[in-house]
Amino acid sequence: MKKKFIVIIPARLKSTRLPNKPLKLINKKPLIYWTWKNCSKVIQKDLIYVATDSPKIHNICKKYNIQSINTGSNHLTGTDRIAEASLKINTEMIINLQGDEPFIRPSDIKSFINFALKNKKVITNAYSIINKNIKKSNTNIPKCVVSNDNFLLYMSRSSIPGSKNKNYKIKSFKQVCMYGFPKTILKKLYGLNKKKTKLESVEDIELLRVIENGYKVKMLKVNDNKIAIDTPLDLIAAKKLIK
């Protein structure tokens, strides 16, 4: 039976900025658990999967009764991993929920899934305003510029938009790593043996592959996700927030 949608959380151990990231403990439970737990509060558990090539992550998933799908180890991005995993499930829509986003509100996850299903002919992504405590120059945070009709114009690790007038104040937005992919488009752009596009390689932002290939990305504004865990310092901050 074809499922209307599924959620897949990509996970790997070879993160360059924080090795073994999905298994890092926050309040005595691994990071991957907290992302799954938030998601399971608003949708059925049998619609959520972790996609990984790691036996250690598979074992953690088994411990917490999380469904997991085995994938190859040579994927360029998490979305390429999800594309492979999606071939094993009969579904129309894939929601990519990044495993290092444990502070996305469950209500925002639910809202985003509904948004993706309403816009199922295009790729969807979430964004939020950049918190005053976060430096806009932080290259770990992808910033985005959105059109008046809520389509992505561009995304960069640099501070965008910019102005030659240093006194000009403008709201800046950051990406929140929830994506909605119609399966047909996902298969065309991502998966095994696919290549990164030029700007995707330069920025190290996998969603740029979509707009470089001429596809639109519809954006949904959500609440602040507080912090995505990319570095050891992020992990320390996350432990404090969980408490």
Side-chain angles (χ1 to χ4, degrees), residues 5-86 88-89 94-110 112-113 126 128 134 138 140-142 174-179 204 206 222-243:
F5 75 92
I6 57 169
V7 174
I8 305 182
I9 304 169
R12 66 186 183 117
L13 294 182
K14 296 180 182 180
S15 172
T16 54
R17 287 171 290 182
L18 185 60
N20 299 316
K21 180 164 60 172
L23 303 182
K24 296 295 184 183
L25 296 180
I26 301 176
N27 202 16
K28 299 182 180 180
K29 288 186 172 63
L31 172 58
I32 194 75
Y33 166 84
W34 293 109
T35 303
W36 171 85
K37 183 67 176 176
N38 277 343
C39 192
S40 69
K41 289 177 180 179
V42 289
I43 68 168
Q44 295 170 244
K45 293 178 182 179
D46 63 355
L47 295 176
I48 311 170
Y49 300 82
V50 168
T52 186
D53 63 323
S54 166
K56 290 183 179 179
I57 295 175
H58 281 299
N59 288 336
I60 285 293
C61 288
K62 187 175 181 181
K63 178 180 178 180
Y64 291 103
N65 295 314
I66 300 170
Q67 298 180 116
S68 63
I69 300 172
N70 194 50
T71 64
S73 58
N74 296 320
H75 290 293
L76 297 174
T77 70
T79 305
D80 289 297
R81 186 180 303 281
I82 278 179
E84 182 196 351
S86 72
K88 302 178 182 182
I89 302 171
I94 294 92
I95 305 297
N96 177 345
L97 180 61
Q98 295 293 288
D100 55 7
E101 292 270 17
F103 298 109
I104 298 176
R105 296 183 188 184
S107 58
D108 283 333
I109 295 173
K110 186 175 182 179
F112 180 77
I113 291 171
S128 70
I134 294 175
N138 187 340
N140 289 318
I141 300 172
K174 65 178 181 178
Q175 181 191 42
V176 176
C177 288
M178 296 186 286
Y179 314 89
D204 191 24
E206 59 206 77
V222 297
N223 292 290
D224 186 10
N225 60 336
K226 295 183 181 178
I227 186 173
I229 300 173
D230 293 305
T231 67
L233 288 177
D234 293 336
L235 184 64
I236 293 169
K239 289 179 178 180
K240 293 178 181 178
L241 281 172
I242 284 285
K243 288 181 180 179

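Here, residue 1 is the first one in the sequence, and each next residue gets the next number. Quick note: numbers below take in every heavy atom, side chains included, and nothing from hydrogens, waters or symmetry partners.
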Legend entry - CG/Asn74: more than 12 non-hydrogen atoms of other groups inside 6.0 Å: no

Legend entry - Within 6.0 angstrom of Lys88 NZ, more than 12 heavy atoms from elsewhere: yes

Inset, instruction - Kindly indicate, with the supporting measurements, whether the criterion side chain to side chain contact (heavy atoms under 4.5 Å, CB included) is fulfilled by Ile57 and Ser68. - result: CA-CA 9 Å; Ile57 295 175; Ser68 63; over 6 Å; no

Inset, instruction - Over all heavy atoms of both residues, which pair between Gly99 and Ile9 is shortest? Give the atoms and the distance, please. - result: CA-CG2, 3.5 Å

Legend entry - Side-chain donor/acceptor of Glu101 to backbone N/O of Ala228, under 3.5 Å: no

Inset, instruction - Quick one: closest heavy-atom pair of Lys29 and Trp34, and the distance? - result: O-NE1, 3.4 Å

Inset, instruction - Might you point out which heavy atoms bring Pro30 and Tyr64 nearest each other, and give the distance in Å? - result: CD-OH, 3.6 Å

Legend entry - Donor-acceptor under 3.5 Å (Glu84 side chain, Thr71 main chain): no

Legend entry - Atom pair CG (Asp230) and CG (Leu18), whose distance is rounded to the nearest 0.5 Å: 8.5 Å

Inset, instruction - Please name the pair of heavy atoms, one in Ile8 and one in Ala85, separated by the smallest distance, quoted to 0.1 Å. - result: CD1-CB, 4.2 Å

Legend entry - Stepwise side chain to side chain contact (heavy atoms under 4.5 Å, CB included) check, Ile60 with Tyr33: CA-CA 8 Å; Ile60 285 293; Tyr33 166 84; 5.9 Å; no

Legend entry - Backbone of Asn20 reached by a side-chain donor or acceptor of Arg12 within 3.5 Å: no

Legend entry - Verdict with supporting geometry, Glu206 and Leu76, side chain to side chain contact (heavy atoms under 4.5 Å, CB included): CA-CA 9 Å; Glu206 59 206 77; Leu76 297 174; over 6 Å; no

Legend entry - Donor-acceptor side-chain pairing of Asn225 and Lys174 below 3.5 angstrom: yes

Legend entry - Euclidean distance, Thr79 OG1 relative to Asn96 CG, rounded to 0.5 Å: 4.5 Å

Legend entry - NZ-CZ distance between Lys226 and Arg105, expressed to the nearest 0.5 angstrom: 7.0 Å

Legend entry - Minimal non-hydrogen separation, Leu31 against Ile229, with atom names: CD1-CD1, 3.6 Å

Inset, instruction - Any chance you could measure Ile236, atom CD1, to Thr231, atom OG1, to the nearest 0.5 Å? - result: 8.5 Å

Legend entry - Separation of Asp46 CG from Ser40 OG (nearest 0.5 Å): 11.5 Å

Legend entry - For the student: nearest non-hydrogen atoms of Gly72 and His75, plus distance: O-CD2, 3.4 Å

Inset, instruction - Say whether, by atom type as modelled, one donor and one acceptor occur between the side chain of Asn38 and the main chain of Thr35 under 3.5 angstrom. - result: no

Inset, instruction - Take Ile43 and Phe5, measure what side chain to side chain contact (heavy atoms under 4.5 Å, CB included) needs, and give me the verdict at the end. - result: CA-CA 11 Å; Ile43 68 168; Phe5 75 92; 4.1 Å; yes

Legend entry - Euclidean distance, Gln67 CD relative to Lys45 NZ, rounded to 0.5 Å: 11.0 Å

Legend entry - Under 3.5 Å: donor-acceptor pair, side chain of Asp108, backbone of Ile104: no

Legend entry - Trp36 side chain to Ile66 backbone, donor-acceptor under 3.5 Å: no

Legend entry - Identified side-chain contact (heavy atoms from CB on, under 4.5 Å) partner of Ile32 from the options Val50, Asp100, Thr52: Val50

